[in-house]
Amino acid sequence: MNRAEIVESLKKIVGPDRVITEEGLLKEASVDRFRKYENICGVYTQPLPAAILYVEKSAEVAELLKWASSQGVNLVPRAGVSATEGGLETVVPDSVVVDCSRMKRIISIDPVNMQATCEAGVSLQVLDDKCRALGLTTGHSPQSKPLALMGGLVATRSIGQFSTLYGGIEDMLVGLEAVFPNGQITRIKNVPRRAAGPDIRQVVLGNEGGLCYITEVTVKLFPYYPENNHFMGYLLADMKLGFEILREVMVKGYKPSIARLYDHEDGAYHFSHFAGDNCVLIFMAEGPAGVAQATAAGIKALVEAHPECQAVDPKHIERWFAHLNWDPKAIAEERVEIKETQNIGHTTEISANWSELYPIYQAVIKRVRAEVPDLTLLGGHSSHGYINGANIYFVYYYNLVNIKPEEEISKYHLAIKKIIVEETLARGGSMCHHHGVGKHRVAWIKEEYGSSYYILKTLKEAFDPNKIMNMGDIWPIE
Amino acid sequence: MRVLVCFKMVPKLEDLLDEDWQVGEGLGPELSYAKMIINPDDQSALELALRLREARSPEETYLAALSLGHSDQARRVAQSLLALGFNQVGLISRDGQEPFAPDVAALRLWPWAQRDFQLILTGARSADGQNGLTAMYLAELLAYRLITEVIELRAGAGGKIEVESLSDEGLVSQNLLGPSVLSVGNAPSAFLRVPSLKDRLKSAPLAPEILAGPQLAGDSFAELVGLERPDRRRQTRLVSEGGAEEKAALILKALNDWGLR
Ligand SMILES: Cc1cc2nc3c(=O)[nH]c(=O)nc-3n(C[C@H](O)[C@H](O)[C@H](O)COP(=O)(O)OP(=O)(O)OC[C@H]3O[C@@H](n4cnc5c(N)ncnc54)[C@H](O)[C@@H]3O)c2cc1C
């Protein structure tokens, strides 16, 4: 099918008003934040999609997927457009970007069964604000909360800043509706637990649009007690001790909602006004008053048993935290700043067991410093802790020196990502902690999975035999 | 040619919480938890100075930067200016109690500005002051020419420096003929660049100079005799009844009642 025929067919499925073919919008739809520099410069290197399609109903999605399967047209599902790893890049010519942002109905907020159901295009910010007004919260708070939509958050296995208490989206998701490439609409019901075979929610969670299209999600709700929050911050000289203390907090059984460790470079970026050249440990305890107090007191005693840690005024932490999320205004300001300063930042997040975290951190910092030019900031923080390990979120900024816009990725961003992935995989860690695989970590997917790649490969073959779902994402095009 | 840029550290007001804006005991918002940054107009002045040196022969342009106060954050910023290639950065000690008035600031900067600098740049307005007076006082003290609302500097032929500034009539371009103070305001596309880690490492042995501030007793342009909060109370009375004449009478009465007439 050629572009014109694709567009005509789409118009028949959803009507002409919801099929967008304006070139400027198609260009923007060919990339995500991975290629933010190309986007800022107005240089687009990916094949342009044939159209952007706004879907409004599951039945419509079913018809669309069945049609795409029969015609071999690649579909790229899209939600809040905050993807950072190329998940939205249209690498196959004449793809169709399928946008769910108009599916924005909140179906129910149920304070008895403590769950909320909404369509895939509902903004997390909107949903959580509605819940908070009722004294409830989803507990999900990624920094992209003002941007991301529920479908996208489930599709990427996202995680929020309070994960140590509430978990990642996989701990929050109760049930869902998703449409598969053969047009089958599937609903997974909302129950507290089940042992009726494998947990099939996991096939949908994190599929990044490569297996199915998410149309509805149900997430858990929790009581919201902001008045009980306790913030704590400590300065310390080195990351090794910081990781040890983070581990101690997690292993001893404390459940702060935030447990973070910043190295001195990343720390200086955020906390120059009180941290000097130190690493920074941050905790927040929340929940019912007694629980929050006891959690805070336990963590305080544990950290203060290390004389190397120096407490900071918690008001610093509270203020910093209040401004951490990114809204559209922050994205717009970043664009101007990058253009003006020709200085840009990206991140790569990995996870590993406790014993491997510090070695990975050290190896990455050493190699990136030695191998990549023009860096202006290279650091990282750990922001999600578990009983057996944690994540590291590497942050790097560089000046763009003597390059064309399209060379930014190969000269800098991918060169750094490669080092981070290599050092992580070499120590048994996972190359993706929460941003998903996208199109740029696919090169290492077989190494990430080892022998279990068989399961992953079989999922794609079974559910997407005609190769129409976000090709090149998670699964290599072979 | 010797160029001096005077910069000021200001609180990043976006970092405040709503409660910090509630004026309590002090005379303004609670700023103790705000991060300090280089005042945006001063950042532009610093960037224009760096660009000017690049456009001229770099060896012929000596760049110095000067600020009042030597907090840890000011030192960090000073260190990064050294990494960006400023030849010298001075931080003048100041008494924490001293009000940040433009005349006092100018008096403090003056002795250092006198040291054979042909060009002195400052930001036009500071994020927390907004009075735009420091450059004027400084120019007066130095008896230098002053150009305000500067948005661009260019290296012209024969070593000349062309200054572009905004005026009520429009854009003014002029060549500098003698020592001048330039007050940089709203310069487009003049974000201060970021030093690379390598530059920072290279400049690590350098350090900003901590300069003793001059004794100011009696030297200030004005003496502070008191501070008083302006009365900003508001009152409302809804006037809905009656025709135009009646309404006018009621409004007049309200003005009388409130002592506004
Ligand atoms: C400033 C910033 C901060 C961030 N902070 C965090 C953070 O704290 N934690 C975190 O986990 N992530 C974070 N991210 C990454 C990003 O926000 C998440 O990956 C988010 O889950 C993406 O949601 P979205 O609605 O924007 O989806 P999109 O960006 O539109 O899409 C993301 C992926 O999901 C697929 N997809 C979208 N909709 C559907 C659907 N209906 N069905 C099937 N597949 C679909 C897309 O094809 C794509 O592969 C951040 C990103 C930014 C830009």
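Here is how names work: the chains are called A, B, and so on, in the same order as the sequence lines, proteins then strands, and each is numbered from 1.
- For the ring pair (Phe, Tyr, Trp, His ring centres under 6.0 Å) condition, the pairs that include at least one residue of residues 397-424 of chain A, sequence neighbours left out, are A:F34-A:H413, A:Y269-A:Y397, A:H346-A:H413, A:Y396-A:H413, A:Y398-A:Y412.
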Steps toward side-chain contact (heavy atoms from CB on, under 4.5 Å) verdict (A:L378, B:L197)
CA-CA 8 Å; A:L378 170 64; B:L197 293 181; 4.0 Å; yes
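- Within a 6.0 Å sphere centred on NZ of A:K418, other residues, nucleotides and ligands contribute 12 heavy atoms or fewer.
- Counting all heavy atoms, side chain and backbone alike, B:Y33 lies closest to A:K315 at OH-CD, 3.3 Å.
- Interface residue B:S32: only backbone heavy atoms are found under 4.5 Å from chain A.
- Taking B:R76, B:M36, B:R193 one by one and counting their heavy-atom pairs under 4.5 Å with chain A, the maximum is reached by B:R76.
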B:L17 vs A:E318, side-chain contact (heavy atoms from CB on, under 4.5 Å): CA-CA, chis, key distance, verdict:
CA-CA 9 Å; B:L17 292 182; A:E318 191 180 353; 4.1 Å; yes
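- In this structure, chain B has a heavy atom under 4.5 Å from the side chain of A:D313, while its backbone stays farther away.
- Side chain of A:H323 to backbone of B:E14: a donor-acceptor contact under 3.5 angstrom is found.
- Among B:S71, B:A83, B:P188, B:P195, the residue making the largest number of heavy-atom pairs under 4.5 Å with chain A is B:P195.
- Judged purely by atom type and a 3.5 angstrom limit, B:K35 has no side-chain atom pairing as donor or acceptor with the backbone of A:S272.
- Side-chain contact between B:F191 and A:V336 is present, with heavy atoms from C-beta onward closer than 4.5 Å.
- In this structure, no portion of B:E47 lies under 4.5 Å from any heavy atom of chain A.
- The residue among A:E337, A:Q342, A:H316, A:E265 with the most heavy atom pairs within less than 4.5 Å of chain B is A:H316.
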Intermediate values then yes/no, salt bridge (charged side-chain N to carboxylate O under 4.0 Å, His left out), B:K198 and A:D374:
CA-CA 8 Å; B:K198 287 215 170 82; A:D374 310 319; over 6 Å; no
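- The candidate from A:A268, A:A322, A:P373, A:G276 with the greatest count of non-hydrogen atom pairs under 4.5 Å with chain B is A:G276.
- Looking at B:A34, only its backbone comes within 4.5 Å of chain A, counting heavy atoms on both sides.
- Residue B:I37 does not touch chain A at all, counting heavy-atom pairs closer than 4.5 Å.
- Heavy-atom neighbours of A:K411 NZ from other residues, nucleotides or ligands within 6.0 Å: above the threshold of 12.
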Please report, to 0.1 Å, the donor-acceptor pairs under 3.5 Å made by any side chain of residues 202-211 of chain B, with sequence neighbours excluded.
from, atom 1, to, atom 2, distance (Å)
B:S203, OG, B:D199, O, 3.1
B:S203, OG, B:R200, O, 3.2
B:E209, OE2, B:Q88, NE2, 3.2

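- Contacts of B:E19 with chain A are made by side-chain atoms alone, with heavy-atom separations under 4.5 Å and no backbone atom involved.
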Please lay out, stage by stage, how B:D72 and A:F274 fare under the test side-chain contact (heavy atoms from CB on, under 4.5 Å).
CA-CA 9 Å; B:D72 280 356; A:F274 64 84; over 6 Å; no
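- Your options are A:N343, A:T341, A:L375, and the one with the most heavy-atom pairs under 4.5 Å with chain B is A:L375.
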